Amino acid sequence: MNDLSLLEDALRAYLNRRCRRAYAHDLRNGLQGIFGGVDALTRAARTTLTGKPLHVPLEQLTTFVQQAITNHERGLERVMESLAPEAQPPSAVSGRELLIELARFLTNDAARNSIRIRHDFSDDLKTTTVVARLRLIALALLTDSIDALAGGGEIRIGGQTRDGRVQLDITDTRMQPPEVSFMTNTIERLAAELSGHIESKRGDGGHRVRIDLPAV
């Protein structure tokens, strides 16, 4: 195992601990759907025993429960893939969908710090890459933005495709420049492994980090 693999594992372990509440919230959401469906079936069974007509057809309730179980299984797969991704070859991915998915995942963390997350995409931002690594890079940058805005603020996710390159932007309203850390070093090296690079820029409106990758 090379030193980059060790750094990648260390970063993933750090982010798994950092995002523990978010993972737990995702799992609870799936269970709540199942509990709601089972409760509806229980009430329907009681209504049937009394001879009263059902307000909702039993088949519809059953389908709802089956869908809730399927959604929960998908949620478990997403969590497991984030916690311990299997080695996979590069594949096509929408940078827009990936950033929006991670923003949704971190919604509660952002709300806890009174942070608004806004979207500003000009296209789908298609790239071919090792998706687990790109997700790790983007998750690290988004959590860093949230943690840097402990007193509240705004994060904008967006990007564009230009000159054969996909540019994923994460901009926040922090007042102080970020410190160089093991995380910044790791994501820069991971981006290089994906034939990309990280650009960090301080502006009047805050701080912007850009993930630059080859377009499809």
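This one's a predicted model, so the numbers in the text were calculated from it and none came from an experiment.
Within the 4.5 Å cutoff, no side-chain heavy atoms of Val216 are placed close to those of Val166. Contact of the Leu142 side chain with the Ile155 side chain is registered, since non-hydrogen atoms from C-beta on lie closer than 4.5 Å. Annotation: side chain of Met183 is in contact with side chain of Leu11 (closest heavy-atom distance under 4.5 Å). Residues Pro90 and Thr129 have side chains not in contact (no heavy-atom distance under 4.5 Å, counting atoms from C-beta outward). No side-chain heavy atom of Arg208 sits under 4.5 Å from any side-chain heavy atom of Ile170. Looking only at side-chain heavy atoms (C-beta outward), Leu213 and Thr128 stay at 4.5 Å or farther from each other. Contact of the Ile198 side chain with the Asp212 side chain is not registered, since no non-hydrogen atoms from C-beta on lie closer than 4.5 Å. The side-chain heavy atoms of Ile211 and Leu141, taken from C-beta on, include a pair separated by under 4.5 Å.
Looking only at distances, no side-chain donor or acceptor of Arg133 sits under 3.5 Å from a matching main-chain atom of Glu8. Distance alone, capped at 3.5 Å, is enough to place a donor-acceptor pair between the Asn16 side chain and the Arg12 backbone.
Rounding to the nearest 0.5 angstrom, the gap separating the CD1 atom in Ile157 from the CG atom in Asp172 is 12.5 Å. Atom-to-atom distance recorded for Ile146:CD1 and Ile117:CD1 is 5.0 Å, nearest 0.5 angstrom. How far CG of Leu190 is from CG of Leu194: 7.0 Å, rounded to the nearest 0.5 Å. How far OG of Ser94 is from CG of Leu99: 8.5 Å, rounded to the nearest 0.5 Å. Interatomic distance, Asp9 CG to Leu136 CG, rounded to the nearest 0.5 Å: 9.5 Å. Within the model, atoms CG of Leu149 and CG of Asn113 stand 7.5 Å from one another, a figure rounded to the nearest 0.5 Å.
Between Arg189 and Glu193, no side-chain nitrogen of the basic residue sits less than 4.0 Å from a carboxylate oxygen of the acidic one, so the salt-bridge criterion is not met. A salt bridge links Arg156 with Glu154: at least one charged nitrogen is closer than 4.0 Å to a carboxylate oxygen. Ion pair Asp169/Arg210 flagged as a salt bridge, since at least one NZ, NE, NH1 or NH2 atom sits closer than 4.0 Å to an Asp/Glu carboxylate oxygen.
For the pair Val209 and Ser200, the tightest heavy-atom approach, listed with the atom from each and the gap, is CG2-OG, 4.3 Å. Annotation for Leu168 and Gly95: closest pair CD2-CA, 4.0 Å, computed over non-hydrogen atoms. When all heavy atoms are compared, the tightest approach of Ser91 to Val131 is OG-CG2, 3.4 Å. The nearest pair of heavy atoms linking Thr173 to Gly153 is OG1-CA, 3.5 Å. Listed here is the closest heavy atom pair of Arg165 and Ser195: NH2-O, 3.2 Å. Residues Ile187 and Ala140 share a closest heavy-atom pair of CG2-CB, 4.0 Å.
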Worksheet item: Does the pair Arg174 and Ser145 meet the rule for a side chain to side chain contact (heavy atoms under 4.5 Å, CB included), with working shown?
Response: CA-CA 8 Å; Arg174 75 179 77 185; Ser145 287; 3.7 Å; yes
Worksheet entry | side chain to side chain contact (heavy atoms under 4.5 Å, CB included) assessment of Leu106 paired with Thr143 | CA-CA 8 Å; Leu106 294 169; Thr143 54; 4.1 Å; yes
Item to complete: Might you work through the side chain to side chain contact (heavy atoms under 4.5 Å, CB included) test for Gln167 and Arg162, ending with a clear yes or no?
Response: CA-CA 8 Å; Gln167 299 170 341; Arg162 180 179 300 165; 4.3 Å; yes
Discussion item. Using side chain to side chain contact (heavy atoms under 4.5 Å, CB included), reason through Leu4 and Leu6 one step at a time and then give a plain yes or no.
Written reply: CA-CA 5 Å; Leu4 181 56; Leu6 291 173; over 6 Å; no
Fill in: Audit row: Asp124, Lys126, salt bridge (Lys or Arg N to Asp or Glu O under 4.0 Å) steps and yes/no
CA-CA 6 Å; Asp124 206 34; Lys126 288 282 191 178; 3.8 Å; yes
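Applying the salt bridge (charged side-chain N to carboxylate O under 4.0 Å, His left out) test to Asp147 and every residue at least two apart in sequence or in another chain returns Arg18. Residues passing the side chain to side chain donor-acceptor pair (under 3.5 Å) test with Thr161, sequence neighbours excluded: Asp123.
Note: Tyr14 and Phe182 have perpendicular aromatic rings, judged against thresholds of 30 and 60 degrees for the angle between ring planes.
Thr171 and His207 share no donor-acceptor pair across their side chains, judged by distance under 3.5 Å alone.
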